[in-house]
Amino acid sequence: MILLLKKAKLSVYRGQLQAASGFLHQAVVLAHQTHNNQAIIYTYSLMANLAYVQGQLDNAEKLFKAAMSFMLSGGTPQDDNAVIEMSLKLATIYAEQNKAELAEHGFRFCTESLEAKLQKQKELPAEEQTEEEETLRKETRLLLGLCLDSRARYRASTLHLNQAGQDYQRALDICRQEQGDTHPQTLVLMSDLATILDLQGRHDDALVLVQQAVDLSRSAEHPDQHVLLGNMAGILLHTGRLEDSVRFYQEALSLARQAGDQEAVDQIQEGLKEVKKRREEKKQQEEEAAED
């Protein structure tokens, strides 16, 4: 069984998803035959994640539910971080399927469960505040940050911008406290929050925040620096600073190509087209004003 799971992981790494799926199906049959609950849960989780990345959302939903069912029936508490992680994945699936009520309910269950758990940990007597408890507290807080980040993205996609902004701000506060100001995830959250401020028309606030993220990303050699630069270029575009926007878009484009991030390359090129359009509109307005 261990060999099958290793083969499945290697196939995923090589991009051979069909082969990985075959190995995992063999592994789950073996796990059931030997009544190995831990192996069943682990294999179902891998199968669910594989189905998710292949866009098979209905199948991923069934597999995550099966894994959770085995965990809970085996005595795992409902607020265990592993259960919450799967619940978050289910909420994300519902969000992608536009099942708004189920998505909101799932995100709320995750955030409220983690907040209650953190409150319990805070109330522990001093003698029980062990190193193990501190590790669990940190893991739980970071998972709460991940839940808030995921819900913020969902709320932004449904144009609930105030709520999205609040979730991003809370996720950013947690990430700063637990991971530090220059951690890659902290900088991405700063950039995401700047996007929300920009969409709300708060361009100056957005620019200050994304500029901080870009400056920190340069000193920290952020792996997704091109994404932050592209976001900054977009915000500069919205403030009418077209020349600055082009400069940052071109730097972002060069880094995105080096990183082999085709999705970012396409987005940046769309941004450059928008700058060109704005320049032409500006030129036309100036010519019309001169004629008047």
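Residues: numbered from 1 along the sequence shown.
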Inset, instruction - Grab the two heavy atoms, one from A206 and one from L197, that are nearest each other, plus how far apart they are. - result: CB-CB, 3.8 Å
Legend entry - hydrophobic_cluster_shared for M68 and L57, side chain cutoff 4.5 Å: yes
Legend entry - Non-hydrogen atoms of A164 and A156 that approach each other most closely: CB-N, 3.7 Å
Legend entry - Fellow cluster residues of L143, listed by chain then number, with links counted only when side-chain atoms sit under 4.5 Å apart: I84, L88, F107, F109, L114, L118, L144, L146, L148, Y154, I174
Inset, instruction - Show the numbers, then the answer: is there a side-chain contact (heavy atoms from CB on, under 4.5 Å) between E134 and Q129? - result: CA-CA 7 Å; E134 173 54 22; Q129 300 277 0; 5.8 Å; no
Legend entry - For E243, salt bridge (Lys or Arg N to Asp or Glu O under 4.0 Å) partners two or more places apart: R279
Inset, instruction - Answer yes or no: is there a side-chain heavy-atom contact under 4.5 Å between L199 and T195? - result: yes
Legend entry - Lys/Arg-Asp/Glu bridge criterion (N-O < 4.0 Å) met for K65, E61: yes
Legend entry - Q119 vs E123, side-chain hydrogen bond (donor to acceptor under 3.5 Å, both in side chains): CA-CA, chis, key distance, verdict: CA-CA 6 Å; Q119 189 55 42; E123 290 164 3; 3.0 Å; yes
Legend entry - Evaluation steps, side-chain contact (heavy atoms from CB on, under 4.5 Å), between E178 and R137: CA-CA 10 Å; E178 301 296 340; R137 182 206 64 78; 2.9 Å; yes
Inset, instruction - List the atom of N37, the atom of G74, and the distance in Å for their closest heavy-atom pair. - result: ND2-CA, 4.4 Å
Inset, instruction - Keeping to residues at least two apart or across chains, list the ring-ring contact (aromatic ring centres under 6.0 Å, His included) pairs with something in residues 251-272. - result: none
Inset, instruction - With rounding to the nearest 0.5 Å, note down the distance linking CD in E251 to CG in L255. - result: 5.5 Å
Inset, instruction - Applying side chain to side chain donor-acceptor pair (under 3.5 Å), name anything that partners D181, two or more places apart in sequence or on another chain. - result: none
Inset, instruction - With sequence neighbours excluded, give me every salt bridge (Lys or Arg N to Asp or Glu O under 4.0 Å) pair touching residues 225-242. - result: R241-D244
Legend entry - Crowding at CD, Q78 (>12 non-hydrogen neighbours, <6.0 Å): no
Inset, instruction - Working to the nearest 0.5 Å, report the span between NE2 of H226 and CG of D261. - result: 3.5 Å
Inset, instruction - May I ask you to list the residues sharing a hydrophobic cluster with V227, side-chain cutoff 4.5 Å, ordered by chain and number? - result: none
Inset, instruction - Only counting residues at least two apart or in another chain, list the ones meeting side chain to side chain donor-acceptor pair (under 3.5 Å) with E221. - result: none
Inset, instruction - Using atom types as modelled and distance alone, determine if a side-chain donor or acceptor of S73 lies under 3.5 Å from a backbone N or O of F70. - result: yes
Inset, instruction - Mark yes or no for whether H222, through its side chain, and P184, through its backbone, hold a donor-acceptor pair below 3.5 Å. - result: yes
Inset, instruction - To the nearest 0.5 Å, tell me how far D192 CG sits from I196 CD1. - result: 7.5 Å
Inset, instruction - Report, as yes or no, whether the 6.0 Å neighbourhood of atom CD on Q200 holds more than 12 heavy atoms from other residues, nucleotides or ligands. - result: yes
Inset, instruction - Determine, using the 4.5 Å side-chain heavy-atom cutoff (strictly less than), whether L216 and M232 are members of one ILVMFWY cluster. - result: yes
Legend entry - N/O donor-acceptor pair under 3.5 Å between N231 side chain and S191 backbone: yes
Inset, instruction - Considering only Ile, Leu, Val, Met, Phe, Trp and Tyr, and joining two whenever side-chain heavy atoms are under 4.5 Å apart, list the other residues clustered with V265. - result: L237, L242, V246, Y249, L253, I268, L272, V275
Legend entry - Selection residues 92-103 - residue pairs positive for salt bridge (Lys or Arg N to Asp or Glu O under 4.0 Å), sequence neighbours left out: none
Inset, instruction - Apply side-chain contact (heavy atoms from CB on, under 4.5 Å) to V83 and M86, showing your working. - result: CA-CA 5 Å; V83 175; M86 285 196 197; 6.0 Å; no
Legend entry - NZ-NZ distance between K117 and K122, expressed to the nearest 0.5 angstrom: 15.5 Å
Legend entry - Atom pair CD/SG of Q185 and C175 - distance to nearest 0.5 Å: 5.0 Å
Legend entry - Name of the residue among R218, Q212, Q211 meeting side-chain hydrogen bond (donor to acceptor under 3.5 Å, both in side chains) with D215: Q211
Inset, instruction - Start with the C-alpha distance between N81 and E85, add both sets of side-chain angles, then the distance that settles side-chain hydrogen bond (donor to acceptor under 3.5 Å, both in side chains), and finish with yes or no. - result: CA-CA 6 Å; N81 285 0; E85 265 187 68; over 6 Å; no
Inset, instruction - Please check if L209 and V188 belong to a single hydrophobic cluster, counting links between Ile, Leu, Val, Met, Phe, Trp and Tyr side chain heavy atoms closer than 4.5 Å. - result: no
Inset, instruction - Kindly indicate, with the supporting measurements, whether the criterion salt bridge (Lys or Arg N to Asp or Glu O under 4.0 Å) is fulfilled by E286 and K283. - result: CA-CA 5 Å; E286 284 168 357; K283 191 181 173 187; over 6 Å; no
Legend entry - Within-4.5 Å side-chain heavy-atom neighbours: N59 and Y52: no
Inset, instruction - Report yes or no: do L72 and Y44 belong to one cluster of Ile/Leu/Val/Met/Phe/Trp/Tyr joined by side chain heavy-atom distances under 4.5 Å? - result: yes
Legend entry - Qualifying residues under side chain to side chain donor-acceptor pair (under 3.5 Å), relative to Q250, sequence neighbours excluded: none
Inset, instruction - Scan residues 157-169 for pairs that pass salt bridge (Lys or Arg N to Asp or Glu O under 4.0 Å), counting only residues two or more places apart or in two chains. - result: R151-D167, R155-D167
Inset, instruction - Report yes or no: does H105 contribute a side-chain atom to a donor-acceptor pair with the main-chain N or O of A103 at less than 3.5 Å? - result: no
Inset, instruction - Would you name the heavy atoms of T186 and Q179 that are closest together and state the gap between them? - result: OG1-CB, 4.5 Å
Inset, instruction - Using the side-chain hydrogen bond (donor to acceptor under 3.5 Å, both in side chains) rule, take Q169 and D173 through it: C-alpha gap first, then chi angles, then the decisive distance, then the call. - result: CA-CA 6 Å; Q169 185 63 64; D173 291 343; 3.0 Å; yes
Inset, instruction - May I ask you to check whether D58 and Q97 show a side-chain donor-acceptor distance below 3.5 Å? - result: yes
Inset, instruction - Could you check if a side-chain atom of R278 sits within less than 4.5 angstrom of a side-chain atom of K282, using non-hydrogen atoms only? - result: no
Inset, instruction - Without swapping roles, check the side chain of S87 against the backbone of C110 for a donor-acceptor pair under 3.5 Å. - result: no
Legend entry - Residue pairs fulfilling salt bridge (Lys or Arg N to Asp or Glu O under 4.0 Å) with at least one residue in residues 194-204, sequence neighbours excluded: R202-D205
Legend entry - H183, NE2: over 12 other non-hydrogen atoms inside 6.0 angstrom: yes
Legend entry - Distance (rounded to the nearest 0.5 Å) between L172 CG and D149 CG: 10.0 Å
Inset, instruction - Begin with the C-alpha distance, continue with both residues' side-chain angles, and end with the deciding distance and a verdict on side-chain contact (heavy atoms from CB on, under 4.5 Å) for M190 and R176. - result: CA-CA 10 Å; M190 286 170 79; R176 272 183 173 146; 3.8 Å; yes
Inset, instruction - May I ask whether L189 and L142 are part of the same hydrophobic cluster, defined by side-chain heavy atoms of I, L, V, M, F, W, Y residues being less than 4.5 angstrom apart, directly or through others? - result: no
Legend entry - Nearest heavy atoms of A82 and D80, plus distance in Å: N-OD1, 2.9 Å
